[in-house]
Amino acid sequence: MTTDIKSNDEVELTNVDLGDQHEKNGENEEQTLVKSMTSKALRPFIIISSSYLLFTITDGAIRMIVLLHAYNKSFTALEVAVMFTLYELAGVFTNLAAGFMGAKWGIKFTLICGLLLQLLSYGMLFGWNDDWSKETAIIYVTIAQMFAGIAKDLTKLGGKTVTKLVTPEEQNTFLFKLVSLITGWKNSLKGVGYFAGSALLSVSYELALGVMMGIVGLALPWALFSLDSNLGTAKKKNAESWKEVFAFDNTNLNVLSAARLFLFASRDFWFEVPLPFFLRSPGCEGLGSQLCEVDADCLTRGAICGLEGVCENVQIGGGCGGLGLERVVVGAFLGGYIILYGQVQSWTPQLVTGPLNQTPPNKYTEILWGIINCIPTLIMCIVMTFGPSFQNHDLTAMTVWFVVVIVAFAIIFAINSSIHSYLVVKYAKSDKLAVSVGLYYMSNALGRLFGTMGSGVLYTFVGDYVNDKAGTNVTKGFAACFLAGTLSSLLAALITIKIDDNEAGLKCGPCTIVRSRVTETGDGEEEKEEEKKEEL
């Protein structure tokens, strides 16, 4: 399965004078990067990255629009999780198919297909009829979400692979910074989408859909008329069957893919569905017992005055025990998390791994941060299960706990994701880039699917039933989601140990945790090791 990338822009890169490839001097490296990034190869990078970033606003918005609209229609957490199954499952197969499509027809083709399918998905959501039964609505929305899932992964292929095409092979440190920057800004704009979707939804469901379709339309002309159709295509025989893709000839990438599955499950076990449900759900106190005439008579934030003159849950299927926040606030909360996560991801090389002497990162760097990733979710699980703040439903203390723990997780998870995004491009072979990255992000989609469905089950069925006006107290269910996330984080770190990337060792500032093998063998041995890698 031998391929070569055939891009006129990339060929021009090879003509750039890169100097001595083994020069370690920082000044020469900077001069090389300036030359490479001012070539014509930068144009497709700008166009594809801009389209990708615009798309991610709509990708974040569609999740909040569907989730919060479904919450108001009394769908349970599990039912909403089902709505996202084809969105995530489509990503499993789309990432592989996108590799074939990108190699055969180019990144331009996959990008345009992704943008058009996103328009189709939003268009279908206009047809969501409030008079439908739950079963009909779930099937319809799930299919609409499927197209959104396909669109996301087709678009993401170009956003991820173009960084490798414009970066000289030996510039690993710069590649890490470039991948971190694009991935970080992508996630920050996705956070903007979370907030924009919920804010527009508070005005009108149709307005929210229409504005997001307009944003997708902004990216289409550039993709249609300004990209070379051959960008990212293969000029030699590429993978032509699923059997070739699953040949598993890249062990490091396959192990990293397995770790990626559990890394993203560690977040989606509690973030995508349980967190917004918990933030929206009212407390349990007084529901079904407190008399009222209007909503303001209910002491529990988020409760409503029912037709029988007692306070009740606006969404019994969503349970009680939460913070009872408005939709806009929930969107701001989740959007803030995504924006923080994205910005930390963008600046991880400069603010974290650089000062700690962990740039460019390797498997030991990821193992360290993968274990640290377990800490916030484990703390939250313990606090929600045994802490007096949640036992007594102290809204102020609960809010503080959520803000502190989720901010900590956002920072740590962003560092992990940034390292992963670099390692996948590092381990991927340049001549099989589209297929390699597609296989890796297939595991990404599997992890989200695993976490999303698992969270729906845990959140819905773990907990104590209160009454028919309140539903289930979901505090225990949410704690179980955090525990599942902790176990997934730990498993991801343990899997990473199997990666064969031991040369660079691990430092933490001035301290050496794992000694570098390159340092021990000397320059001559290092050159031999490099020759072996080239031969392999």
Side-chain angles (χ1 to χ4, degrees), residues 51 53-77 79-88 90 112-152 154-155 189-221 272-273 276-277 279-280 295 302 304 314-315 317-318 325-336 338-339:
S51 299
L53 294 176
L54 284 172
F55 176 89
T56 55
I57 297 176
T58 67
D59 183 47
I62 199 169
R63 295 189 75 90
M64 291 305 295
I65 292 171
V66 170
L67 190 149
L68 293 177
H69 192 63
Y71 183 93
N72 274 16
K73 301 301 177 185
S74 299
F75 289 88
T76 67
E79 289 167 341
V80 173
V82 170
M83 290 180 179
F84 290 113
T85 53
L86 287 186
Y87 175 93
E88 304 296 358
I112 293 172
C113 286
L115 295 173
L116 291 176
L117 284 174
Q118 186 77 336
L119 289 176
L120 173 62
S121 178
Y122 269 103
M124 288 185 65
L125 289 176
F126 272 105
W128 188 351
N129 194 322
D130 293 342
D131 296 329
W132 288 345
S133 65
K134 270 192 173 184
E135 292 76 13
T136 302
I138 290 173
I139 293 172
Y140 184 84
V141 175
T142 302
I143 294 173
Q145 287 288 88
M146 176 189 70
F147 291 116
I150 297 172
K152 180 192 68 174
L154 285 175
T155 308
L189 288 176
K190 188 172 183 178
V192 172
Y194 269 69
F195 174 73
S198 59
L200 291 169
L201 183 62
S202 65
V203 178
S204 167
Y205 173 70
E206 291 75 16
L207 175 66
L209 297 178
V211 170
M212 292 304 144
M213 290 183 75
I215 293 177
V216 176
L218 290 176
L220 264 175
E272 289 292 352
V273 175
F277 262 65
L279 295 177
R280 281 285 286 146
D295 293 349
I304 63 171
V314 66
Q315 218 283 55
L325 301 176
E326 295 294 329
R327 284 184 294 188
V328 175
V329 180
V330 172
F333 201 104
L334 272 69
I338 296 292
I339 292 171

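Tyr122 places no side-chain N or O within 3.5 Å of a backbone atom of Val216 that could act as its donor or acceptor partner.
How far CG of Asn72 is from CG of Leu201: 7.5 Å, rounded to the nearest 0.5 Å. The distance from the CG atom of Leu200 to the CG atom of Leu207 is 5.0 Å, given to the nearest 0.5 Å. Of the inter-residue distances, the one linking Ile65 atom CD1 with Met212 atom CE reads 6.0 Å to the nearest 0.5 angstrom. With rounding to the nearest 0.5 Å, the separation of CE in Met64 from CD in Glu272 is 9.5 Å. Distance check, rounded to the nearest 0.5 Å: NZ of Lys190 to CD1 of Ile62 gives 11.0 Å. Between atom CD of residue Gln118 and atom CE of residue Met213 there is a gap of 9.5 Å, rounded to the nearest 0.5 Å.
Under the 6.0 Å distance and 45° angle rule, Lys134 counts as a cation-pi partner of Phe75.
For the residue pair Ala90 and Ile150, the shortest heavy atom distance occurs at CB-CG1, 3.6 Å. A pairwise comparison of heavy atoms in Gly302 and Val314 identifies O-CG1, 4.3 Å as the closest pair. Here the closest non-hydrogen pair linking Ser198 and Gly331 is OG-CA, 3.1 Å. Between Gly114 and Ala151 the shortest heavy-atom distance is O-CB, 3.0 Å. Between Ile215 and Ile57, the shortest heavy-atom distance links the atoms CD1-CG2, 4.0 Å. Across all their heavy atoms, Phe277 and Gln315 have their closest contact at CE2-NE2, 3.9 Å.
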Pair Met124-Gln145, side chain to side chain contact (heavy atoms under 4.5 Å, CB included): steps then yes or no:
CA-CA 9 Å; Met124 288 185 65; Gln145 287 288 88; over 6 Å; no
What do the steps show when you test Asp130 against His69 for side chain to side chain contact (heavy atoms under 4.5 Å, CB included), and what is the final call?
CA-CA 10 Å; Asp130 293 342; His69 192 63; 4.0 Å; yes
Evaluation steps, side chain to side chain contact (heavy atoms under 4.5 Å, CB included), between Leu117 and Leu120
CA-CA 5 Å; Leu117 284 174; Leu120 173 62; 4.1 Å; yes
Please report the C-alpha distance between Arg327 and Tyr71 in whole Å, then the side-chain angles of each, then the deciding distance to 0.1 Å, and finally whether the side chain to side chain contact (heavy atoms under 4.5 Å, CB included) criterion is met.
CA-CA 10 Å; Arg327 284 184 294 188; Tyr71 183 93; over 6 Å; no
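No option in Trp128, Trp132, Phe147 other than Trp132 meets the ring-ring contact (aromatic ring centres under 6.0 Å, His included) test with Tyr140.
Using a 4.5 Å cut-off on side-chain heavy atoms (C-beta onward), Leu334 and Leu279 make contact. Side-chain contact between Leu67 and Tyr194 is absent, with no heavy-atom pair separated by less than 4.5 Å.
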